[in-house]
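Since the structure comes first, as structure tokens, the remarks are kept for the end.
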Amino acid sequence: MKVIIIGGVAGGATAAARIRRLDEKAEIVILERSGFVSYANCGLPYYIGGVITDPEELTLQTPQGFWNRFRVDVRVRHEATAIDPAGKQVTVKNLETGEVTVEGYDKLLLAPGAAPTRPPLPGLDSPRLFSLRTVEDTFRIRSFVERNRPKTAVLAGGGFISLEMAENLAEMGVEVTILQRIPQLMNPLDYDMATFLHSHLRRKGMHLRLNTAVAGFRQEGETISALVEGGEAIPADLAILAIGVTPENALAKQAGLALGSRGGIVVNQRMETSVSDIYAVGDAVEIPHLVTGENTLISLAGPANKQGRVAADNICGGDSRYLGAQGSSVVKVCELTVAATGLNEKAAQAAGLSYEKIVLSPLSHAGYYPGGKLMTMKVLYEKGSQRLLGAQIVGHEGVDKRIDVLATAMQAGLPVTALKDLDLAYAPPYASAKDPVNLVGFMAENLEQGVVKQFHWEDVAGLPRDGSVTLLDARTPGEYSGGCAEGFVNVPLDELRDRLGEIAPGKPVYVMCQSGLRSYLACRILAQNGYDCYNFSGGYRFYESVLLDRWTRQNAYPCGVERP
């Protein structure tokens, strides 16, 4: 059996190694257009920033290493230019010599990945404009930075690559401006959660131009300017285009393979395409989303590697199945860790799901053990079924652990209230006896049993200020004096029982505190004294983060200047 694999990064390299483990006699050929194979895309920005110092660390295998260990014929700088499904042949161009050959196959695996999106904008040919996909791209950017020592950079896009590049450039002393067409960075997050990221980046000296669409680029001497729709151009020494990725589907389209509505290759659970003996994996394929069941594109290394294994099993006569993914991701952005899995509110609304949300800000470990740091968690679950729909976490420590627990619970089909029963590891330096994931379960149980009702930051502006409801702030006077929501009157939690007479009976009471805990306790006191009470989800810290972000965008808040 001869297997040709087009693309030698995550999915393709994994499939090649798995095929060899299952079939010692198979002839396996990898065609890789770049000069490197089995490289770590996610590590590329860290080489540019000098965190990874040895370029050999970027590649998990070399062509020679692949041959020595797996007897896989890896041909770098070889591009597949056409597929003949009827004749089971691939036309291949040697990019070093220009020679064109034809290779026959018994089984063909497409793993071409996705390319940086390059819309038809002016100025994309500027030598000071870069995209980041391959090891060669990394070397070009690193060489430019070392040679030209740029003082300023403009990055178009607010996703993983852009933020990792922003961090690494800023650590090198480059003044960074990030442009993003929508009002927030990081699409997997909801806007309210993204505000913590925005604030952190501004404190690190970066400039955020949100709601700003890039119209093109213009180079003038040693300066490249990002052209902005409806605004002034932004000059810089270096520009990075990272507005998203597009599945590499040209070969599949030429070969007559079915494509999905998003432009990805259509595959079944066995990773088979619509054409016999041709498989496809990775960023170029459309796969089911485990929460919605709808086909989608998920450009992450984890799913690509798993798909490569499934395809390899089936190429070798097995019957493995890939059921889909829920988009679990984590990224380091300066001192912050940002993680998400499943759906955010935008996606849940688009899917027509009726959901409830829980927001909390626990410490990363036991409060009495020094060094605990706040994280903010947002968890969505479906009303009625209590099915977990998604989670987002922004914090400093312990974020990756909690998102993985929540992702596992989601995939296992646990209802949100079952999180309270999870038996999770506890020691003071690592967690609390009631882990943040357990707290989500406790909070959900309280909501589902009617122990507490809640309201959210987007509800605050619409609350009556005419005296028909009571707006209560349960924080300390010191906290209250540092900033409060309009119309909320301060009655500290510890004084509440003695001051119940100040709270008018028969009116709904909306209670806020710093994180949501004291306001919950206040609601329990009030509810048991006959009041109709609502607890503020997330607390004033959450509310203030949204307000500050909106104020910043609307008032051109200057970087590094405290809000008056």
Any heavy-atom pair between the side chains of [Y] and [X] that's under 4.5 Å?
X      : Y      : answer
Leu210 : Gln184 : no
Asp435 : Val405 : no
Asn490 : Cys484 : no
Cys513 : Arg475 : yes
Tyr322 : Pro303 : yes
Asp313 : Val310 : no
Val333 : Met186 : no
Ser328 : Asp404 : no

Work out which heavy atom in [X] is nearest to a heavy atom in [Y]; give both atom names and the distance.
X      : Y      : answer
Glu286 : Gly264 : OE2-N, 3.0 Å
Glu345 : Leu380 : N-CD1, 3.5 Å
Met271 : Ala311 : CB-CB, 4.0 Å
Tyr480 : Val489 : OH-CA, 4.0 Å
Tyr430 : His365 : C-CB, 3.5 Å
Ser162 : Ile178 : OG-CG2, 4.2 Å

Compute whether any side-chain donor of one residue and acceptor of the other, for [X] and [Y], lie under 3.5 angstrom apart.
X      : Y      : answer
Thr417 : Glu445 : no
Tyr510 : Asp459 : no
Arg203 : Ser199 : yes

Polar side-chain atom of [X] near backbone of [Y] as donor-acceptor pair, under 3.5 Å:
X      : Y      : answer
Arg133 : Ala114 : yes
Glu495 : Pro492 : no
Asn344 : Asn187 : yes
Lys383 : Leu353 : no
Arg202 : Leu208 : no
Tyr540 : Asp473 : no
Asn438 : Lys434 : no
Ser515 : Gly539 : no
Ser545 : Phe542 : no
Lys332 : Cys334 : yes

Check: Taking 4.0 angstrom as the limit, do Glu167 and Lys204 come out as a salt bridge?
Finding: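 Lys204 and Glu167: not salt-bridged.
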Measure the acute angle between the ring planes of [X] and [Y], then classify it against the limits of 30° and 60° as parallel, tilted or perpendicular.
X      : Y      : value
His396 : His200 : perpendicular
Phe70  : Phe66  : tilted
His198 : Tyr191 : tilted

Check: Going through the checks in order, is the side-chain contact (heavy atoms from CB on, under 4.5 Å) test met by Phe455 and Val460?
Finding: CA-CA 8 Å; Phe455 67 109; Val460 173; 4.1 Å; yes
Measure the [atom1]-[atom2] distance between [X] and [Y] for me, rounded to the nearest 0.5 Å.
X      : Y      : atom1 : atom2 : result
Leu132 : Ile141 : CG    : CD1   : 4.5 Å
Cys316 : Arg21  : SG    : CZ    : 10.5 Å
Leu185 : Thr195 : CG    : OG1   : 11.0 Å
Leu360 : Leu374 : CG    : CG    : 10.5 Å
Leu44  : Glu164 : CG    : CD    : 9.0 Å
Glu382 : Leu389 : CD    : CG    : 5.5 Å

Note to self: Apply salt bridge (Lys or Arg N to Asp or Glu O under 4.0 Å) to residues Asp190 and Lys357 and explain how you reach the verdict.
What the structure shows: CA-CA 12 Å; Asp190 284 313; Lys357 57 185 173 181; over 6 Å; no
Checklist line | Aromatic ring proximity Tyr543/Phe488, centre distance under 6.0 Å | finding: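 Centroid separation for Tyr543 and Phe488: 6.0 Å or greater.
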Note to self: Is it the case that the ring center of Tyr381 lies less than 6.0 angstrom away from the ring center of Tyr355?
What the structure shows: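 Distance test on ring centres: not under 6.0 Å, no.
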Next item on the list: Mind running side-chain contact (heavy atoms from CB on, under 4.5 Å) on Leu424 and Lys401 for me, showing each step along the way?
Entry: CA-CA 11 Å; Leu424 304 175; Lys401 169 183 176 178; 5.6 Å; no
Next item on the list: Sort out for me which residue in Asn168, Thr138, Thr53 forms a side-chain contact (heavy atoms from CB on, under 4.5 Å) with Tyr46.
Entry: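 That would be Asn168.
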Checklist line | Of Val359, Leu388, Leu419, Leu422, the residue whose pairing with Val440 passes side-chain contact (heavy atoms from CB on, under 4.5 Å) | finding: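 Output: one option passes, namely Leu419.
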Enclosure of [X] [atom1] (heavy-atom neighbours >12, cutoff 6.0 Å):
X      : atom1 : answer
Phe442 : CZ    : yes
Asp423 : CG    : no
Lys453 : NZ    : yes
Arg321 : CZ    : yes

Next item on the list: Determine, stepwise, if the pair Ser432 / Leu363 fulfils side-chain contact (heavy atoms from CB on, under 4.5 Å).
Entry: CA-CA 8 Å; Ser432 298; Leu363 284 172; 5.7 Å; no
Margin query: Using side-chain contact (heavy atoms from CB on, under 4.5 Å), reason through Val511 and Thr470 one step at a time and then give a plain yes or no.
Written below: CA-CA 8 Å; Val511 191; Thr470 299; over 6 Å; no
